[in-house]
Amino acid sequence: MRDNHSLDAVLGTLSATGTSEVPADFMDGVWQRAGQLGEIADRRRRTALFVGLFVVGLGAGAGTSGWPGGYGTSSASFGESLVLGEQLSPSALLHVEQ
């Protein structure tokens with residue numbers, strides 16, 4: 001802990017007070033807060049997993065598509081075919097050899 005002196009002071013104050021001064025719903029509040037902290041941790045974990053899967057999916061899609069820098073394509077041939085419209089022709093879309 002960063003501030004052990006203030007923690008010791010708080011614990012000393014709690015030990016000096018009687019048990020009758022603790023509210024009846026104190027433990028309910030503790031468990032409610034523990035549940036909230038668990039939900040926050042789960043939400044962060046799900047968000048991190050979603051972002052990781054999104055990045056992997058985007059990278060895999062870029063690697064297998066005709067984007068520049070993808071596997072099996074050169075950026076020069078991609079730019080030329082895009083300008084000429086070869087990839088948008090029906091035969092290219094249907095993978096028919098001419």
Side-chain angles (χ1 to χ4, degrees):
M1 301 225 108
R2 292 182 189 169
D3 195 5
N4 290 333
H5 298 294
S6 62
L7 178 62
D8 290 338
V10 169
L11 290 175
T13 304
L14 285 175
S15 66
T17 59
T19 57
S20 63
E21 295 179 21
V22 177
D25 61 345
F26 176 74
M27 287 307 293
D28 292 337
V30 169
W31 288 114
Q32 180 181 7
R33 183 63 181 153
Q36 289 172 348
L37 292 175
E39 289 174 3
I40 291 169
D42 288 342
R43 190 177 315 130
R44 286 181 182 160
R45 188 176 305 115
R46 283 192 307 265
T47 302
L49 286 173
F50 172 75
V51 168
L53 287 174
F54 179 76
V55 169
V56 168
L58 190 62
T64 58
S65 69
W67 287 5
Y71 296 110
T73 61
S74 66
S75 59
S77 65
F78 175 76
E80 291 174 3
S81 66
L82 188 62
V83 170
L84 296 176
E86 292 176 5
Q87 290 186 342
L88 299 178
S89 67
S91 62
L93 294 173
L94 295 173
H95 303 290
V96 176
E97 294 184 20
Q98 296 175 350

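As a basis for the values below, the full set of heavy atoms in this structure was taken, side chains included, without hydrogen atoms, waters or symmetry mates. Predicted, not measured: the structure shown is a model, and the values here were computed from it. Nothing fancy with the numbering, it's 1 onward along the sequence.
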How long is the span from the CG atom in D8 to the OG1 atom in T13, to the nearest 0.5 Å? 10.5 Å

Less than 3.5 Å apart, which donor and acceptor atoms pair up between the side chains of residues 38-50 and the rest of the protein, not counting sequence neighbours?
| residue | atom | partner | partner atom | Å |
| --- | --- | --- | --- | --- |
| D42 | OD1 | R45 | NH1 | 2.8 |
| T47 | OG1 | R43 | O | 2.9 |

Side-chain atoms of residues 25-32: list all donor-acceptor pairs with protein atoms under 3.5 Å, sequence neighbours left out, distances to 0.1 Å.
none

